[in-house]
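The structure displayed is predicted, hence computed values, not measured ones. Here, residue 1 is the first one in the sequence, and each next residue gets the next number.
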Amino acid sequence: MSLSDFVAFLAGAKPVRFGQKLDHLLPYLRYAAAALIASLITVLAINLAPEPRILRTLVPHRFDASDPEFVRSMSSYSQGQLFDSNSVQTLVNGDETFPSMLQAIHAARSTIDFETYIYWSGVVGYEFATALAAKARDGVEVRVLVDWVGSLPFDEDLIEIMTSAGVRFQRYRPIHWYTLDRINNRTHRKLLIVDGRVAFTGGVGIADNWLGDARNPDEWRDTHYQVKGPAVSAFQAAFAENWLETAGETLQGEKFYPPPEPAGALGAQLILSSQPNGSENMELMMLAAMAAAKDHLRIGMAYFVPDDIALQQILDARKRGVAVDVIVPNRLTDVPLVRKGSRYFWGDLLKAGVRIFEFQPTMYHPKLLIVDDVWTSFGSANLDERSLRLNDEATLNVYGQDFAKTQIDLFNQDLARSRQISLSEWEARPLAEKVTDWLASRLHSQL
């Protein structure tokens, strides 16, 4: 066809309007939109559906926490090895926690392994980034694992400071199309292990919120702990588990697991929860601990939304005459929805004589469980379904009266700065609050 013939052909062609093309494509666009909406609903349903419940009944009271049977049973059915000869130092608020962690980092000789849920930009984030980078330049192997969700408010410049110095930086479970079914499963663990010999855990995240000494609403109240002794190997193994999943690297050898050396007189046991397997260990541990209470059960939780089994376990302790004290945040909480969901369940507890207190000066962020005067548990896990069924968590159990006394003293100090909630006050909440509390409680499987 000549050029003139082609031009004549075009001139005689009928124009096709855009609207006609759109009408032709409209059915396909509808199908695509429907498929997209169905996919989003499916992903949402998978992530929001309650996790299967393994434990369906109370743990019976068969022995007290001071009984050797309690120690043996806890070590067996929670799959956490009990290590003797450990020391545990209590670090109260950011004023004590951050200097101790940074001192350990500065003293590192071979390895630093750091896993945390929250790592945010700010003064604290910068100080840790530069300290970790400095050790990497000195030849220390530094690995940093932060949760993808928890580290969203994170300046990329801080990552560059670390990675440019040789720090191996990873985000835990970033969002990809092939991981959409695990969006809701995060690592909430807070672990720092240095040279395989000293470990830190507790509730403190790497953010300016924890600076100070809980003197005002800008300084969160929290507790962290430094651990030395044979139990540190369990911390190292916990980090290695999540590092293997994320980076595909196996951590082994003496630089990670040096020969154990006694550091004190405390028995200690690290309990882990993880998805998709192993979450029942943490829940069973908490229920069994409450079942072993004889005299006094003390609970300090940033997020206190126990499921029906945990509620019954607490009420069962009250039936045995066990005193139960619970400290939770007040209106200064960082997650008001959790506070509302928690308050809905307080009625039965208050009627049974459980004493509930709201910490007043600032956000209350510890995760603490003390049974009588012999057993203490602390770490990253809250008494809620998110910690017990969705998150990767790490909690250390410590056996010893002297240590328990130090934690009871600290708990009592917090009680002195808290306000007790009475049953009459709870019942007198405005109708609007009762309704919104009920609505929030319907989301308990996600709180």
Side-chain angles (χ1 to χ4, degrees), residues 75 78-89 100-117 119 128-129 131-147 159 162-173 187 189-202 206 225-264 266-274 277-278 281 379-380 392-397:
S75 183
S78 58
Q79 298 185 20
Q81 180 181 351
L82 178 65
F83 296 90
D84 294 323
S85 306
N86 302 281
S87 69
V88 181
Q89 179 184 356
S100 294
M101 294 175 71
L102 288 167
Q103 182 180 9
I105 289 171
H106 293 319
R109 295 183 177 181
S110 58
T111 61
I112 299 172
D113 295 316
F114 191 22
E115 177 176 350
T116 186
Y117 176 71
Y119 195 138
F128 271 80
L132 293 166
K135 297 310 295 187
R137 282 192 293 268
D138 288 344
V140 174
E141 292 185 19
V142 182
R143 295 169 179 81
V144 176
L145 179 61
V146 301
D147 186 75
I159 301 176
M162 290 187 280
T163 56
S164 64
V167 174
R168 304 177 195 180
F169 179 90
Q170 295 283 341
R171 277 193 165 102
Y172 185 75
R173 291 186 177 172
T187 179
R189 296 174 182 175
K190 298 166 181 69
L191 306 172
L192 172 63
I193 308 99
V194 177
D195 295 336
R197 295 195 177 280
V198 57
F200 293 82
T201 194
I206 306 303
Y225 299 84
Q226 176 182 281
V227 182
K228 295 181 179 179
V232 174
S233 63
F235 286 83
Q236 185 69 75
F239 176 87
E241 172 187 78
N242 282 355
W243 185 258
L244 175 63
E245 176 186 336
T246 306
E249 180 187 12
T250 302
L251 306 183
Q252 55 185 337
E254 190 168 314
K255 61 184 175 183
F256 299 105
Y257 304 99
E261 295 180 358
L266 293 175
Q269 172 193 31
L270 188 68
I271 306 297
L272 303 177
S273 67
S274 60
N277 301 306
N281 295 335
S380 65
D392 287 13
E393 305 278 7
T395 290
L396 188 70
N397 300 336

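Note: Phe256 CZ to Ser110 OG = 8.0 Å, rounded to the nearest 0.5 Å. Rounded to the nearest 0.5 angstrom, Phe235 CZ and Leu192 CG are separated by 10.5 Å. If you take OG1 on Thr163 and CG on Leu132, they are separated by 12.0 Å, rounding to the nearest 0.5 Å. Atom OH of Tyr117 is separated from atom CG of Leu191 by 15.5 Å, given to the nearest 0.5 angstrom. Atom CG of Asn281 sits about 8.0 Å away from atom CG of Leu272, to the nearest 0.5 Å.
Note on Glu261 versus Lys228: no salt bridge recorded, every NZ/NE/NH1/NH2 to OD/OE distance being 4.0 Å or above. Using a 4.0 Å cut-off between charged side-chain N and carboxylate O, Arg143 and Glu115 make no salt bridge.
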(message) Determine whether Phe114 and Phe128 satisfy the following criterion, side chain to side chain contact (heavy atoms under 4.5 Å, CB included), listing intermediate values before the conclusion.
(response) CA-CA 11 Å; Phe114 191 22; Phe128 271 80; 4.2 Å; yes
(request) Assess whether side chain to side chain contact (heavy atoms under 4.5 Å, CB included) is satisfied between Phe169 and Val142, documenting all intermediate values. (result) CA-CA 8 Å; Phe169 179 90; Val142 182; over 6 Å; no
(request) Show the numbers, then the answer: is there a side chain to side chain contact (heavy atoms under 4.5 Å, CB included) between Met162 and Arg168? (result) CA-CA 8 Å; Met162 290 187 280; Arg168 304 177 195 180; over 6 Å; no
(message) As a quick check of understanding, evaluate side chain to side chain contact (heavy atoms under 4.5 Å, CB included) for Tyr119 and Arg171, giving each step before the final call.
(response) CA-CA 11 Å; Tyr119 195 138; Arg171 277 193 165 102; over 6 Å; no
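When all heavy atoms of Val194 and Ala104 are compared, the closest pair comes out as CG1-O, 3.5 Å. Residues Lys190 and Thr116 share a closest heavy-atom pair of CG-OG1, 4.2 Å. Nearest heavy-atom pair across Ala394 and Leu270 is CB-CD1, 4.3 Å. Looking at every heavy atom in both residues, Ser380 comes nearest to Glu393 through OG-OE1, 2.6 Å. In terms of heavy atoms, Leu102 sits closest to Ala131 at CD2-CB, 3.9 Å. Val167 and Ala136 make their closest contact through CG2-CB, 3.7 Å (heavy atoms, listed as atom of the first residue, atom of the second, distance).
The main-chain N or O of Ser273 is found under 3.5 Å from a side-chain atom of Arg189 such that the two form a donor-acceptor pair. Here the side chain of Thr246 pairs no donor or acceptor atom with the backbone of Trp243 at under 3.5 angstrom. Side-chain N or O atoms of Asp195 include one that pairs as donor or acceptor with a backbone N or O of Arg109 at under 3.5 Å. Side-chain atoms of Asn86 come within 3.5 Å of backbone N or O of Ala231 as a donor-acceptor pair. Judged by distance alone, the side chain of Gln269 and the main-chain N or O of Gly80 form a donor-acceptor pair under 3.5 Å.
Under the 4.5 Å side-chain criterion, counting only non-hydrogen atoms from C-beta, Tyr225 is not in contact with Leu396. Using a 4.5 Å cut-off on side-chain heavy atoms (C-beta onward), Val227 and Val198 make no contact. Here the side chains of Gln170 and Val144 are not in contact, with every heavy-atom distance at 4.5 Å or above.
Environment of CD in Gln103: sparse, with no more than 12 heavy atoms of neighbouring residues, nucleotides or ligands closer than 6.0 Å.
The side chain to side chain contact (heavy atoms under 4.5 Å, CB included) test with Asp147 is passed by exactly one of Thr187, Asp392, Asn242: Thr187.
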